[in-house]
Amino acid sequence: MTTRSARIDSWVDSANTPTTDFPLNNLPFGVFSEPGDSARRVGVAIGDFILDLAMVCRAGLLPGVSEDVFANDCINDFMSLGPDVWRSTRTKLTDLLAVAGDPALKDNAPLCGQALIRQDVATLHLPVRVAEYTDFYAGRQHATNVGTMFRGADNALPPNWLHIPIGYNGRASTVVVSGTDVRRPRGQIKSPDDEMPEFSACRRLDIELEMGAIVGQSNPMGTSVTVEQAQEMIFGYVLLNDWSARDIQAWEYQPLGPFQAKAFATSISPWVVTAAALETFAVPAPPREVPLLPYLNDAGPMNYDIELEVLIQPASRSDETVISRTNASHLYYSSAQQLAHHSVSGCAMNVGDLLGTGTISGDTPDSFGSLLEMSWGAQRPVDVGGGKTRTFIEDGDVLTLAGYAQGPDYRIGFGRCTGRVLPAHE
Ligand code: CA
């Protein structure tokens with residue numbers, strides 16, 4: 001494994017604790033507002049604070065970017081400026097926040113007082129105006145587990161799976177930021193033994209632990225991008241919970257894949273961790289069982305060593321329990337490979353596109369990324385603490401995803417992606 005970058009110390013003290021999600025090495029982008037002020041702005045997280053980039057820009061400390069890019073309700077305009085500006089802005093912000101850097105911000109007490117906002121008083125909003133949302137299926141263990149349950153062990157992995165990063169077009173309209181309640185969906189359900197489907201509230205509501213790649217550049221219709229180009233187009237990553245209605249899915253999914261089972265909600269974490277911050281955590285993909293077609297070949301290590309976990313706070317309990325721990329390095333196809341494949345037909349990709357990786361499951365039940373797998377289709381109830389168990393989600397349960405890449409004395413954290421389940425409409 002390559003040596004990982006050392007921590008860069010910041011004069012914002014809370015950024016130097018080993019367990020903060022937001023050391024100076026991270027600098028994830030988000031959109032926030034303050035109490036009593038509905039105006040949304042773009043900021044970066046630093047320790048316990050948010051640095052208001054609109055304010056820093058107005059003070060003339062971010063040359064090359066105009067203030068309206070950050071006095072904005074999403075990061076799309078900033079992403080549109082391209083990788084050179086992403087890099088120069090990251091370099092400048094690192095310099096302004098480092099102990100041994102440019103003192104222009106540190107020594108300006110009035111500006112610091114205005115531009116550094118405590119995270120615990122701010123409201124975080126959806127960071128990206130999601131152009132379109134595509135969900136892939138790039139976790140091999142997950143695909144094998146679900147295939148085994150839905151079609152039997154002999155047909156678990158579809159015949160195309162080792163060749164194609166399988167995906168489907170999801171809904172951007174229901175992508176929500178962490179903290180947004182999720183309403184239990186209703187739909188058609190039919191068990192194999194039933195003669196007719198029924199219309200009902202979902203009885204098998206589930207989560208899917210995924211990462212989401214945020215596309216920060218576009219390609220015109222009729223063109224495609226290579227894996228290397230795709231890697232350059234990805235601005236950053238979020239945690240993504242692809243809420244899933246398993247009973248609706250089982251009845252509707254053939255032949256065109258999931259539809260209403262996935263359309264009702266997708267939650268993402270509020271901080272977009274940049275590809276630049278993760279660069280030092282890149283790891284090779286798992287061994288290839290069959291060679292990939294050349295347009296999909298790995299162009300270097302493009303997976304990331306990111307520790308992931310799923311937590312549940314069951315309804316009526318005040319504490320939460322970790323029910324799964326896994327790692328993003330299990331993904332068979334990187335987000336760059338998914339993006340290259342997405343464009344290969346000549347499909348235009350746009351700034352603000354969101355690509356879900358697919359559920360990330362490890363090899364053992366305590367590392368599975370969905371309750372469907374953890375409970376093996378409701379056959380093995382999962383211990384959720386306080387003497388309670390779950391097979392699927394009950395009304396009032398709060399589900400949370402968390403993750404970080406571990407450096408030598410810091411971690412690149414993603415924060416949390418959380419959502420409470422509300423009862424279905426009558
Ligand atoms: Ca999914």
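Every number for a ligand or one of its atoms is a count from 1 in the order of the listing. Because only heavy atoms are used, hydrogens play no part in the values below, and waters and symmetry mates are left out as well, while side chains stay in.
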Protein N, O or S within less than 3.0 Å of the Ca ion (ligand 1), waters excluded: D135 OD2, E208 OE1, E210 OE2, D242 OD2

Aromatic contact, Y237 with Y304 (centres under 6.0 Å): yes

Side chains of S370 and E208, donor plus acceptor under 3.5 Å: no

With sequence neighbours excluded, residues passing salt bridge (charged side-chain N to carboxylate O under 4.0 Å, His left out) with R416: E320

S173: side-chain hydrogen bond (donor to acceptor under 3.5 Å, both in side chains) partners, not counting sequence neighbours: R171

Smallest separation among heavy atoms of A138 and Q338, with atom names: CB-NE2, 3.3 Å

Sequence neighbours excluded - ring pair (Phe, Tyr, Trp, His ring centres under 6.0 Å) pairs with any residue from residues 264-287: F22-W271

